[in-house]
Amino acid sequence: MSTVNISDSGNRERRTKWTNIMFLTSAISFAIWLGLWSSSLMIVEVPLSYEIGDVRWQSGSSTIEVGTTTMSWNEFDLLQKKARRENPEVSQFSVKVGSTATFIEGRKKLHVVIGNLESNKNDFYFELLHMGEVVYTSTMLKPNQSINSVKLDKPLPDNISGLVVKYYLIERKDVIDH
């Protein structure tokens, strides 16, 4: 009686090569589809302006408005230092913000960085306004909390020229700057 050894190594190699070719073809097809899909997405960058009570400024601006007075940032800093020397109990409020927000054309998700610094004593919430209309109202942000993206009430227009971030400081359950 003789024994015959049957080896399947040749078929296995052909199957492995075929599987590798199919995987590579699928990966290339997916990469092409992803490239075409992502190039059809229009990412829109939106400049931001800010408002806290009667203090207003725009990203990248060299001036700040306090009430009806426009001053340089240096003048504003000197005014703040003087106010703190004269009334040390007054808490200082600082914000963490990006200079722009971004969104994908036609979508409601807006990528924007807004945070309440750990050094603040007040909670706050904010509204995003487009042409005077509120398009988003945040939840309350306690010190050391931040938001990186928001879901808007409705999509923004593709030709948007800016948004206003309006802050409302909360102290002892009262709205301070509304």
Side-chain angles (χ1 to χ4, degrees), residues 38-87 89-178:
S38 64
S39 68
S40 69
L41 296 177
M42 177 65 132
I43 296 177
V44 180
E45 189 172 56
V46 183
L48 298 175
S49 298
Y50 310 93
E51 231 178 83
I52 301 176
D54 64 348
V55 178
R56 291 173 302 288
W57 71 99
Q58 187 168 0
S59 289
S61 176
S62 60
T63 60
I64 185 168
E65 293 176 36
V66 180
T68 58
T69 305
T70 300
M71 62 183 70
S72 72
W73 280 98
N74 286 338
E75 291 171 308
F76 180 73
D77 288 341
L78 291 172
L79 187 66
Q80 292 295 301
K81 287 176 185 174
K82 180 181 176 192
R84 282 193 296 275
R85 275 194 312 272
E86 292 173 0
N87 192 355
E89 307 83 54
V90 173
S91 65
Q92 181 177 337
F93 181 76
S94 300
V95 293
K96 171 184 168 184
V97 294
S99 59
T100 60
T102 57
F103 68 97
I104 296 174
E105 205 173 68
R107 305 269 175 92
K108 290 183 178 183
K109 186 175 185 179
L110 181 74
H111 298 275
V112 60
V113 176
I114 298 176
N116 193 351
L117 297 181
E118 187 174 4
S119 59
N120 289 333
K121 295 179 182 176
N122 298 325
D123 298 347
F124 76 84
Y125 70 95
F126 66 92
E127 293 176 336
L128 292 174
L129 295 100
H130 175 248
M131 300 182 72
E133 181 184 350
V134 176
V135 293
Y136 175 79
T137 302
S138 76
T139 58
M140 191 69 62
L141 291 175
K142 296 185 179 309
N144 206 29
Q145 289 184 325
S146 63
I147 289 178
N148 296 314
S149 66
V150 300
K151 184 176 181 191
L152 302 172
D153 297 334
K154 64 181 184 178
L156 296 170
D158 303 337
N159 61 347
I160 187 169
S161 60
L163 287 172
V164 174
V165 181
K166 189 170 185 175
Y167 295 89
Y168 297 91
L169 306 183
I170 308 300
E171 184 175 39
R172 293 182 308 270
K173 303 195 188 253
D174 298 329
V175 175
I176 296 172
D177 295 324
H178 189 56

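It should be emphasised that the depicted structure is a prediction, and the values quoted were computed from it without experimental measurement. For this chain, numbers begin at 1 and follow the sequence in order.
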* Asked: Hey, which of Asp77, Leu79, Thr63 is the one that makes side chain to side chain contact (heavy atoms under 4.5 Å, CB included) with Met71?
  -> Leu79

* Do Leu163 and Leu156 touch side chain to side chain, with heavy atoms closer than 4.5 Å? -> yes

* **Validation row: His130, Glu133 side chains within 4.5 angstrom (heavy atoms)** => no

* Taking all heavy atoms of Ser146 and all of Gly115, pick out the closest pair and write down the distance. => CB-CA, 3.5 Å

* Hey, which of Tyr167, Phe124, Tyr168, Phe126 is the one that makes side chain to side chain contact (heavy atoms under 4.5 Å, CB included) with Ser138? -> Phe126

* May I ask you to check whether over 12 heavy atoms, not counting those of Glu75, lie within 6.0 Å of atom CD? => yes

* **Taking every non-hydrogen atom, the tightest pair across Asn116 and Asp123** => ND2-CA, 3.8 Å

* **Test salt bridge (charged side-chain N to carboxylate O under 4.0 Å, His left out) applied to Lys166 and Glu127, step by step** => CA-CA 5 Å; Lys166 189 170 185 175; Glu127 293 176 336; 5.7 Å; no

* Whether Asn122 side chain and Leu169 backbone form a donor-acceptor pair below 3.5 Å -> no

* To do: Let me see the working for Tyr136 and Ile147 under side chain to side chain contact (heavy atoms under 4.5 Å, CB included), right down to the final yes or no.
  => CA-CA 12 Å; Tyr136 175 79; Ile147 289 178; 4.1 Å; yes

* Asked: Do Trp57 and Ile52 touch side chain to side chain, with heavy atoms closer than 4.5 Å?
  -> yes

* Asked: Can you tell me how far the CD atom of Glu65 sits from the CG atom of Asp54, to the nearest 0.5 Å?
  -> 10.5 Å

* To do: Go through the steps to decide whether Val165 and Leu128 satisfy the test side chain to side chain contact (heavy atoms under 4.5 Å, CB included), and finish with yes or no.
  => CA-CA 5 Å; Val165 181; Leu128 292 174; 3.6 Å; yes

* Asked: Is there a donor-acceptor contact under 3.5 Å from the side chain of Arg56 to the main chain of Gly67?
  -> yes

* What heavy-atom pair brings Ile64 and Ser72 nearest, and what distance separates the two atoms? -> CG2-O, 4.1 Å

* Atom pair CG/CG of Leu110 and Asn148 - distance to nearest 0.5 Å -> 11.5 Å

